[in-house]
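Take a look at the structure set out below.
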Amino acid sequence: MLSLDLKNISVSYPGLSAPVLDIPSLSIAAGSRVAVTGASGSGKSTLINIVTGLERVRTGSIRWDKTDIVPLSERSRDRWRGTHVGLVMQDFHLFPGLSALDNILLPARLSRAVQSGDRDRAMMLLNAVGLSRAEQKIETMSRGEMQRVAIARALLRKPGVLVADEPTASLDSDSGDAVARLLIDLSVSNDSTLIVVSHDPRLTGRLDRCITLVAGRVSSDVLHREKAA
Amino acid sequence: MTRFILADLRRLWAGSLVIVLLIAFATALGVAVTLQERALRLGSARAADKFDLVIGAPGSETQLLLSAVFLQPSPLPLMPGDVLSKLSADPRVSWAAPVGFGDSFSGYPIVGTSSVLAGTLSALTEGQVFSRAGEAVIGAAVKLPLGYEVKPTHGLAELGGETHTELAYRITGRMAPTGTSWDRAILVPIQSVWSLHGMGAHEHGEEEHAQDGAHQGEHAEGAAPGHDDGDDHEHAHIDPAAPLDEAWTAASPGLPAILVKPKTIADAYKLRQEYRGNGTLAVFPGEVLTNLYATLGDAKRVLSAVAIGAQVLVAAAVLLVTVIHIGQRRRQIGALRAFGAPQTAVLLIVWLELFLLVAVGILLGFAIGYGAARILSGLFSGESGVLLPVGFAREDLASALAITLFAAGLALVPALLAYRQSPAAALRA
């Protein structure tokens, strides 16, 4: 599991008078489960993009344990993200035409990082998210099942941090509930720090800490309960 | 990665199929034009190769070649009969054979000639060369049995030619295939052709010959389709058992063409020079063909330009489709990157997907082009008897490689577009 330490982060876009994200300092302890909330346009997605290296910042530092990803090249950030970050998104981003198992293994395969036990681990993760048909084509699954496959995919390479962007927003309440529970349980069992962007109180209420953004700044940072790092 | 690409292509099979077919047909067009032109050039050159020198009356060299070598039915002017006797007696000539046209049977041209030509053009696979007025030798592609009686039709039957009743030729021999138009010919003694058309040597007395200008003019349409109703030539009965008379004299009737086999190359040039002018025209078939190819080359250039134009249009269309397609796949590409796929993997996926489609299209195009050229050549050979050899040459490999390389370069455009996309921006799209 990884800890995060943000310093002097400011993201501006041409034509906008104020920065969309302005965080002088933010730390997230390794192993903690953090919710990031805020209104639309408050900078939540930008925060996720920069901490995962999807978007580049020119100033400040984004330190995951000892690695500052700000000076890394695009290729190095891709490689770092593939190794250390598990991503779960609102739209799943699974690839039709491939089975559930192939979807889970795809990122590792494309990065040429498949290890000998990965197939077994993928099967185990499928079991863990409550799916039994590994060869089922992804397009024949329900949305709840798809998000479960996405969670299994995110955890394949034992990432130090699991980042989920509105993971329950497009699911019905039962599926959303199940996905929320899985995210928390599996991040604990896989020793991953969990950062979740969500409006869903069923999910955010279960997490240790809730950071609220307003206009790109941290407006509140509440610890729900103590959690050992 | 392969599985991902195949799954992607399967998912987008309809669009992929359209791209493959577009490329296949554009390629096939170019391939067919090239192969067909080459086959025509090779085939006609081989067909003309058997004839060293052709002598006819002054007129079109091309027409003389088309009629005498490729047996195309069309009117040829006649030259005086004494040319044949002069040539036969010439020490530089190995053999000289008259050819006379005008009749046909079931679409096969009946060519009046001498037994020398019938014997030397190709070895006989069965039977023997004609030795009487009513006998005939057939080319390898004439589908008639030995012993069959051929009743000649003046001109072409489908154009209303009248059947000669005075004589029926009995087939006595069949030649081996030559790959020339003569494979479809029925060779008969020229004296019978003359007799059938009222031009028998014996009917043309010296005094008659002088005033025969009008008659010859009429027969200047020796190969004219159809029968001239105003033609008043005598249709006397001809004895099919009459022996061959191949002693050519100055009194021999007029001829549309004489095929000459000179003894040496030097003789060939001398003869050609000597027989150009003074009422005759001597040509080397190869030379006439070269001129014809120059014209054909122009036509090929036009066709090639059309084919290249079509290929450029298809390339532009494919590029447009793929660039739009990449735009639509931005999110998918962004997601691949977000999950850690390196830029090079994304580049390779997009490039491979497109290149695979283009390569299959090109391969299919070569197959379709080859097939089309084979079919066209088959049709042409069936009609003319000239064998058109359709085949790929080393330069085709070069052009296939060039097209493939070009396609590989073209496929890089959308691949680079995908490569340069920021994953965050792509995911927001």
Side-chain angles (χ1 to χ4, degrees), chain A residues 11 13 20 45-57 73-99 101-114 137-139 150 153-157 159 163 165-166, chain B residues 1-17 19-20 322 325-357 360 414-429:
Chain A
V11 179
Y13 292 126
V20 291
S45 292
T46 307
L47 177 63
I48 293 300
N49 285 344
I50 61 147
V51 299
T52 53
L54 283 171
E55 207 163 323
R56 188 169 198 183
V57 286
S73 67
E74 188 150 4
R75 181 178 297 187
S76 305
R77 273 183 288 131
D78 282 346
R79 200 179 310 128
W80 173 86
R81 185 171 54 250
T83 315
H84 297 287
V85 181
L87 268 176
V88 178
M89 294 186 223
Q90 179 179 341
D91 294 333
F92 325 134
H93 288 297
L94 295 162
F95 299 95
L98 293 180
S99 67
L101 183 67
D102 284 335
N103 261 286
I104 293 171
L105 291 168
L106 182 68
R109 281 179 173 155
L110 290 182
S111 309
R112 300 188 174 280
V114 181
K137 286 273 185 288
I138 215 70
E139 59 271 25
R153 174 179 62 188
L155 289 168
L156 180 77
R157 294 175 72 184
V163 177
D165 190 359
E166 301 282 9
Chain B
M1 185 179 290
T2 323
R3 209 176 298 183
F4 178 76
I5 290 173
L6 290 180
D8 228 24
L9 291 179
R10 244 198 321 271
R11 189 164 57 88
L12 307 166
W13 68 270
S16 308
L17 190 69
I19 288 182
V20 167
T322 44
H325 176 65
I326 293 301
Q328 288 168 340
R329 284 180 64 182
R330 278 188 76 178
R331 281 169 66 77
Q332 191 200 34
I333 290 164
L336 280 175
R337 291 282 309 282
F339 296 129
Q343 272 176 306
T344 44
V346 170
L347 178 99
L348 207 62
I349 285 173
V350 175
W351 182 81
L352 260 180
E353 267 192 36
L354 187 57
F355 182 67
L356 217 64
L357 293 183
V360 170
L416 282 173
L417 278 181
Y419 179 88
R420 290 169 57 87
Q421 272 177 20
S422 139
L427 279 173
R428 269 200 300 272

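Computed from a prediction, not measured in an experiment: that's the story for all the values here.
The line from CZ of R3(B) to CZ of R109(A) is 4.5 Å long, rounded to the nearest 0.5 Å. Between L110(A) atom CG and R337(B) atom CZ the span is 12.0 Å, to the nearest 0.5 Å.
Heavy-atom distances place the side chain of R153(A), and not its backbone, under 4.5 Å from chain B. Residue contact with chain B, scored on non-hydrogen atoms closer than 4.5 Å, involves the side chain of L106(A) exclusively. Only the side chain of R11(B) comes within contact range of chain A, with at least one heavy atom under 4.5 Å from a heavy atom of that chain.
Note: A338(B) leads A338(B), A335(B), S422(B) in heavy-atom pairs under 4.5 Å with chain A.
The minimum heavy-atom distance between E74(A) and P423(B), with the atom names listed, is OE2-CD, 3.9 Å. Of all heavy-atom pairs between A7(B) and P96(A), the closest is CB-O, 4.4 Å.
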Validation: residues 339-354 of chain B side-chain donor-acceptor distances under 3.5 Å, sequence neighbours left out:
| from | atom 1 | to | atom 2 | distance (Å) |
| --- | --- | --- | --- | --- |
| Q343(B) | NE2 | Y419(B) | O | 3.1 |
| W351(B) | NE1 | A408(B) | O | 2.8 |
| E353(B) | OE1 | R329(B) | NH1 | 3.1 |

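Listed by chain and number, the residues in a salt bridge (Lys or Arg N to Asp or Glu O under 4.0 Å) with R81(A) are D78(A) (sequence neighbours excluded).
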